[in-house]
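Report on one structure; see the data block that follows.
Proteins get letters first, then strands, A, B, ... in listed order; numbering begins at 1 in each. Note that the structure is a prediction, hence the values are computed from the model and not measured.
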2 protein chains.
Amino acid sequence: MSNALASSPKRDHLMATAWRLFYRDGLRAVGIDTILAEAGVAKMTLYNHFASKEELIISILEKRDVEFRASLMGHVEAAGPDPEKRLLAVFDWLEGWFGSESFKGCVFIRAVSEYPDPSHPIHQTARRHKVAVKAALTDLCAAAGAKEPATLAEALGLLIDGAIVTAHATRSTAPARSAAVAASALLRLATA
Amino acid sequence: MSNALASSPKRDHLMATAWRLFYRDGLRAVGIDTILAEAGVAKMTLYNHFASKEELIISILEKRDVEFRASLMGHVEAAGPDPEKRLLAVFDWLEGWFGSESFKGCVFIRAVSEYPDPSHPIHQTARRHKVAVKAALTDLCAAAGAKEPATLAEALGLLIDGAIVTAHATRSTAPARSAAVAASALLRLATA
DNA sequence: GCGAGAATATACAGATCTGTCTATTTCCTT
DNA sequence: AAGGAAATAGACAGATCTGTATATTCTCGC
């Protein structure tokens, strides 16, 4: 029997296929059989790599958390050394994301929505992602010279999550610009 | 056969029971049979009042939209005539909501999350709610003397949705205060 | 008391869900 | 070529899902 944590081509392929379907249609809406048919993989292969659908979901969320933050911070790095530019690059990155063809909101917000009980492992995994993102935001705010980095990061985090939700509900990239303008104003106040 | 739109005690009771279960556990997670057992109502009674589960959900969302905005605006009215106080009363109202025992986020955000396809009737119903709330916010911003009421309302809407999501994910009322502080700052800038 | 409309219990259809089991085959390493 | 792990197909269990059909009972106005 294979180790449930080890990486393998089949495991990676299952996670990639499941991710695409879960993100497109929802965690509860997509069944195991649909994933298997789409991936062209046998059912026992899935259950040799993952103990359950729930563990599959959590593995995907944890992977997405790492990828999400790497993509975000990669865009921040590309913005150069100016701390203010770096912070506002977050909102450019959001705008690009919102405009992508397959954009369907934030999978972590959606996971919290689908598993609303705070004690549920999937809910908790999604929460950990939000905490990690806020920590990264706090670093950026501190570097930008905010007097209370955590306070500013909290406000920017609200703008970001609100923008994601609004962009999904209204199918528009405009919330990224609105959030950027508000964030810029708050940053100015927080560093003055 | 009864009219699907008419009000009746059984219909109201079904909607109240379904609302409680849907909000607590999720729209897809709760089955018809669970609602019927909890409400103590026969299956045919439900299908005499609603064509499908989807229609039941939409009816509940539309009712909640009206109740939600009535509750919010009621709190605004109670804040008195000062336009700035009225606008900031929105965030006090949020804090009370976040602190309530049964708080599980915003059912409309969660509906968008569970039915991510923008063409789905449930998704569209949830979007209409968000549009209606933003219109109400715009009125409040205009009354408070904002130079660009729609722009300010957009930013406040992002703060509100972000606060709801964050409060749900972190099980805390703190996002209401953070949003209030940021909103107050943005209001000052927008009226200066 | 009667009759009509509403609600009931119950069974059912047909699909789908997660997860298990078994027997076979494929594939890689030695 | 042989051994062993991994993947396969496919049946299966047992539950659950939405929605339908039928026949009975309840309730209430007249």
Side-chain angles (χ1 to χ4, degrees), chain A residues 1-61 111 114-115 117 120-123 125, chain B residues 1-61 111 114-115 117 120-123 125:
Chain A
M1 189 194 330
S2 72
N3 187 325
L5 295 175
S7 178
S8 85
K10 286 285 172 191
R11 184 186 155 96
D12 293 346
H13 180 230
L14 272 172
M15 285 179 70
T17 303
W19 157 249
R20 183 167 50 82
L21 297 177
F22 281 147
Y23 184 61
R24 191 188 64 188
D25 297 335
L27 300 175
R28 294 198 115 107
V30 176
I32 291 292
D33 289 342
T34 305
I35 296 167
L36 296 173
E38 189 79 7
V41 164
K43 185 173 274 196
M44 279 313 296
T45 302
L46 187 150
Y47 281 102
N48 278 334
H49 284 292
F50 304 94
S52 62
K53 180 184 178 182
E54 178 178 311
E55 192 186 285
L56 170 63
I57 290 174
I58 289 174
S59 296
I60 290 172
L61 290 181
E114 291 211 61
Y115 298 86
D117 179 357
H120 195 289
I122 293 176
H123 186 108
T125 302
Chain B
M1 187 193 334
S2 73
N3 187 323
L5 295 176
S7 177
S8 85
K10 285 285 172 192
R11 183 186 155 98
D12 293 347
H13 180 230
L14 272 172
M15 285 179 71
T17 302
W19 157 248
R20 183 167 51 81
L21 297 177
F22 280 147
Y23 184 61
R24 192 188 64 186
D25 297 334
L27 300 174
R28 293 197 115 107
V30 176
I32 291 293
D33 289 342
T34 305
I35 296 167
L36 295 173
E38 188 78 9
V41 164
K43 185 173 274 195
M44 279 313 296
T45 302
L46 187 150
Y47 281 102
N48 278 335
H49 284 292
F50 304 94
S52 62
K53 181 185 177 181
E54 178 177 311
E55 192 186 285
L56 170 62
I57 290 173
I58 289 174
S59 296
I60 290 172
L61 289 182
E114 291 210 62
Y115 298 87
D117 179 359
H120 195 287
I122 293 176
H123 186 107
T125 302

(request) Please state how far atom CZ in A/F50 lies from atom P in C/dT18, giving the value in whole angstrom units. (result) 15 Å

(request) Could you state the atom-to-atom distance from CD1 of A/I35 to P of C/dG19 in whole Å? (result) 11 Å

(request) Start with the C-alpha gap between A/T17 and A/R20, add the side-chain angles, then the distance that decides, and say whether side-chain contact (heavy atoms from CB on, under 4.5 Å) holds. (result) CA-CA 5 Å; A/T17 303; A/R20 183 167 50 82; 4.1 Å; yes

(message) Please tell me if B/H49 has a side-chain N or O lying less than 4.0 Å from either OP1 or OP2 of C/dA7.
(response) yes

(request) Enter the distance from B/I35:CD1 to B/L14:CG here, rounded to the nearest 0.5 Å. (result) 8.0 Å

(message) Just the rounded figure in Å: distance from C1' of C/dT8 to CG of B/L36.
(response) 12 Å

(request) State, yes or no, whether a side-chain contact exists between A/L36 and A/T45 at a heavy-atom distance under 4.5 Å. (result) no

(message) From CG of A/L46 over to P of D/dA6, roughly how many Å is that when rounded to an integer?
(response) 16 Å

(request) Quick one, give me the B/S/- string for nucleotides 16-21 of chain D, reading 5' to 3', where B means a protein heavy atom under 4.0 Å from the base and S means that only happens at the primed atoms, P, OP1 or OP2. (result) --BBBB

(message) Between A/R11 and A/S59, does the side-chain contact (heavy atoms from CB on, under 4.5 Å) criterion hold? Intermediate values first, please.
(response) CA-CA 11 Å; A/R11 184 186 155 96; A/S59 296; 3.9 Å; yes

(request) Send over the distance from B/D12 CG to C/dA7 P, rounded to a whole Å. (result) 11 Å

(message) Rounded to the nearest 0.5 Å, what separates atom CE in B/M15 from atom CZ in B/F22?
(response) 10.5 Å

(message) Regarding B/R24 and A/D117, does a basic nitrogen lie under 4.0 Å from an acidic carboxylate oxygen?
(response) no

